[in-house]
Amino acid sequence: MDGIFAIAMTLLVLGIEVPEGIITESSMASYLTLLAPRIYIYCLSFILLGIFWWVNHMQFEKPEGG
């Protein structure tokens with residue numbers, strides 16, 4: 001089951017696009033401003049996958065002392 005979460009998180013990272021050409025500091029700021037909604041969705045998706053992964057581990061963890 002861990003592999004499914006790992007693959008989903010890897011696919012999220014592979015979906016990040018690097019801007020082409022030379023980017024100045026000012027154009028990078030405007031570029032990041034345009035990407036802000038996508039960055040937010042990316043971070044939220046990554047955090048949710050991490051939470052689901054953690055909950056999955058908690059469900060199948062053996063109880064202590066048992």
Acceptor/donor pairs from residues 3-10 side chains to any protein atom, 3.5 angstrom cut, sequence neighbours excluded:
{"from": "T10", "atom 1": "OG1", "to": "A6", "atom 2": "O", "distance (Å)": "2.7"}

Item to check | Summary of side chain to side chain donor-acceptor pair (under 3.5 Å) pairs that have at least one residue in residues 18-27, sequence neighbours excluded | outcome: T24-S26, T24-S27
Checklist outcome for this item: The remaining residues in the hydrophobic cluster of M58, counting side-chain heavy-atom contacts under 4.5 Å among Ile, Leu, Val, Met, Phe, Trp and Tyr, are I47, I51, W54, V55
Could you go through residues 31-45 and list every donor-acceptor pair under 3.5 Å that involves a side-chain atom there, pairing it with any protein atom two or more places apart or in another chain?
{"from": "T33", "atom 1": "OG1", "to": "A29", "atom 2": "O", "distance (Å)": "2.8"}
{"from": "S45", "atom 1": "OG", "to": "I41", "atom 2": "O", "distance (Å)": "2.8"}

